[in-house]
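Here the structure comes first, spelled out in structure tokens, and everything after it is commentary.
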Amino acid sequence: MQRMTVETEAGRLSDELLRRGVAARVLAIVEVVDESDLPMAALAQAGGAFATLADEPDLYSDADLTDRND
């Protein structure tokens, strides 16, 4: 496996790789340099603070509702 660091704008990675002669499938690990451009939801997801909640059981379900407002 060959590694390289490419700093480019979003949407231009393919062009930059082709310019460098890389025409194979790649695995890209993205590091956002300027986080002020990301929406808050993307920042929260990237931070990973809530990742452990995926393994937690649900405490409530629709069956627990007392007033369904149908």
### Query
If you measure from CZ on Arg19 to CZ on Arg12, what distance do you get to the nearest 0.5 Å?
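Those atoms lie 12.5 Å apart.
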
### Closest non-hydrogen atom pair, Arg20 against Val6
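Looking at all heavy atoms of both residues, the closest pair is NH1-CG2, 3.7 Å.
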
### Closest non-hydrogen atom pair between Leu13 and Ala28, with its separation
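Where Leu13 meets Ala28 most closely, the heavy atoms are CD2-CB, 4.1 Å.
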
Ignoring hydrogens and angles, write down the donor-acceptor pairs under 3.5 Å from the side chains of residues 48-60, residues two or more places apart or on other chains.
none

### Task
Apply side-chain contact (heavy atoms from CB on, under 4.5 Å) to the pair Ser14 and Leu17, showing each step before the final yes or no.
CA-CA 5 Å; Ser14 295; Leu17 290 172; 5.9 Å; no

